[in-house]
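Everything below concerns the one structure shown next.
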Protein chains: 2
Amino acid sequence: MADPDERFDSIVKKLKENNHKLTPQRLAVVKILATSKGHPNVEKIYELIQKDFPTMSLATVYRNVMLLKSLGEVLELGFPDGSNRYDGNKPYSHPHVICVKCKKIIDPDLDTLKDMTAEVADETGFKILMHRLDFFGICQDCI
Amino acid sequence: MADPDERFDSIVKKLKENNHKLTPQRLAVVKILATSKGHPNVEKIYELIQKDFPTMSLATVYRNVMLLKSLGEVLELGFPDGSNRYDGNKPYSHPHVICVKCKKIIDPDLDTLKDMTAEVADETGFKILMHRLDFFGICQDCI
DNA sequence: AATCAATTAAGAATGATTCCTAATTATATT
DNA sequence: AATATAATTAGGAATCATTCTTAATTGATT
């Protein structure tokens, strides 16, 4: 996991560079995305911010998450059931291992992934821009 | 690609085994899913069936696609933008290469994928049930 | 401190999917 | 072949996540 403080500063820097205002609500969203390990969804971010901003609108969370996504500072994890969760700590393509019971998400190290991407580019002639690799299974805690 | 006729028969057999009625609408959905190469979405299936069944309800397409999915005879491909497309020809986890411009989908052969699944199981202790592997890029036709 | 464009809150609108209900129909049985 | 019945259908209503709208507010610049 990247250092949460560094990630926070890095995202704030990107926002400034692109002339986006640093509102308290926006910074609260950034903080949660930069620091949380659990890949929160929009609803979760909304809940967490409620404590500090009781009038916070859900639409504001959506707006800011989308902004950060468009700046490449947040990775959206779309799941088969249609739900979305977000990773602001490692905002680039990387594999996940997801427990279908407790919904835990782990980031495994897969050395062979780079080779595989090259293999795909070679076989299909595509210029590969990104990928999505998720393994679904049962974690040790859930037997 | 598996033989479309065999896939059609195989799906029909599964439906019979599970005591589902073979309505004309249902069989039309099965036929399209078993034979189409282009990974159609629900809307596309609906359009294609309109010609033969002008009174066909969109809900009926959804119902039947979901039924086939629950029987393991159709693979649902959920995309980052929230859209879904379906594969009734190869209804098991397999990688895709998707052109972000023309939306073309190719099924590459990746020999190393089995090894990678074993690697993940070994590293995380998960019992891996399925996976999802999509590469996004630009195909040769779209330069 | 004043200005102004960006941002916000709150609720309305949207769009994909699912649900509901009465009418229809595939299948098994006679 | 006719009947019974449980599954399925059409069509529209309901749902739910997400996006849009509008007027009010606010961060950043001068």
Side-chain angles (χ1 to χ4, degrees), chain A residues 11-33 39-71 73-74 76-86 103, chain B residues 11-33 39-71 73-74 76-86 103:
Chain A
I11 297 176
V12 169
K13 182 159 163 267
K14 176 72 82 73
L15 284 169
K16 278 184 187 159
E17 283 169 7
N18 290 77
N19 300 314
H20 295 290
K21 292 184 180 175
L22 304 179
T23 67
Q25 295 94 329
R26 176 163 291 162
L27 291 174
V29 172
V30 171
K31 174 133 283 175
I32 287 169
L33 285 169
H39 305 80
N41 58 17
V42 166
E43 202 62 39
K44 181 71 177 173
I45 297 170
Y46 179 60
E47 269 175 45
L48 290 170
I49 296 183
Q50 286 284 26
K51 291 163 193 163
D52 298 315
F53 300 88
T55 67
M56 182 79 169
S57 167
L58 188 55
T60 297
V61 180
Y62 274 104
R63 235 179 306 106
N64 281 297
V65 170
M66 291 308 123
L67 172 63
L68 295 170
K69 199 178 101 178
S70 73
L71 292 173
E73 295 295 329
V74 157
E76 182 175 63
L77 315 178
F79 289 100
D81 66 358
S83 64
N84 285 312
R85 289 167 71 175
Y86 296 89
K103 310 296 179 191
Chain B
I11 297 176
V12 169
K13 181 158 164 269
K14 176 72 82 72
L15 284 168
K16 278 185 188 158
E17 280 168 9
N18 291 76
N19 300 314
H20 294 291
K21 291 184 179 175
L22 303 179
T23 66
Q25 295 94 329
R26 176 164 291 161
L27 292 174
V29 171
V30 171
K31 174 132 285 176
I32 287 169
L33 285 169
H39 305 81
N41 59 16
V42 167
E43 201 64 39
K44 181 72 179 172
I45 297 169
Y46 179 60
E47 269 174 46
L48 290 171
I49 296 183
Q50 286 286 24
K51 292 163 193 164
D52 298 315
F53 299 89
T55 67
M56 181 80 167
S57 167
L58 189 54
T60 297
V61 179
Y62 274 104
R63 235 178 308 105
N64 281 296
V65 169
M66 290 310 122
L67 172 63
L68 295 170
K69 199 178 101 178
S70 74
L71 292 173
E73 295 296 329
V74 158
E76 182 176 63
L77 315 178
F79 289 100
D81 65 358
S83 64
N84 285 312
R85 288 166 71 176
Y86 297 88
K103 311 295 178 189

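Lettering follows sequence order; numbering is per chain, from 1. In what follows, every heavy atom counts, from backbone to side chain, and hydrogens, waters and symmetry copies are set aside.
Of the possible polar contacts, one joining the K14(B) side chain to the L71(B) backbone as a donor-acceptor pair under 3.5 Å is found.
A sub-4.0 Å separation between OP1 or OP2 of dA9(C) and a side-chain N or O of T60(A) is present. For N64(B), a side-chain nitrogen or oxygen approaches OP1 or OP2 of dT9(D) to under 4.0 Å.
Across every non-hydrogen atom of I45(A) and V65(A), the tightest pair is CD1-CG2, 4.1 Å.
Whole-Å rounding puts the L15(B) CG to dA7(D) P distance at 15 Å.
When heavy atoms are screened at a 4.0 angstrom cut-off, N41(B) is found touching no nucleic acid atom at all. Within 4.0 Å (heavy atoms only), N84(B) reaches sugar-phosphate atoms of the nucleic acid but no base atom. Across all strands shown, R63(A) has heavy atoms under 4.0 Å from base atoms, whether or not it also approaches the sugar-phosphate.
Residues that satisfy the side-chain contact (heavy atoms from CB on, under 4.5 Å) test with K103(A), not counting sequence neighbours, are R85(A).
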Letter by letter from the 5' end, nucleotides 23-30 of chain C scores (B base, S sugar-phosphate only, - none; protein heavy atoms under 4.0 Å) --BBS---
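Not a single donor-acceptor contact under 3.5 angstrom links the side-chain atoms of T55(B) to the base of dA10(D).
Applying the salt bridge (charged side-chain N to carboxylate O under 4.0 Å, His left out) test to residues at least two apart or on different chains, none of the pairs has a partner in residues 23-32 of chain A.
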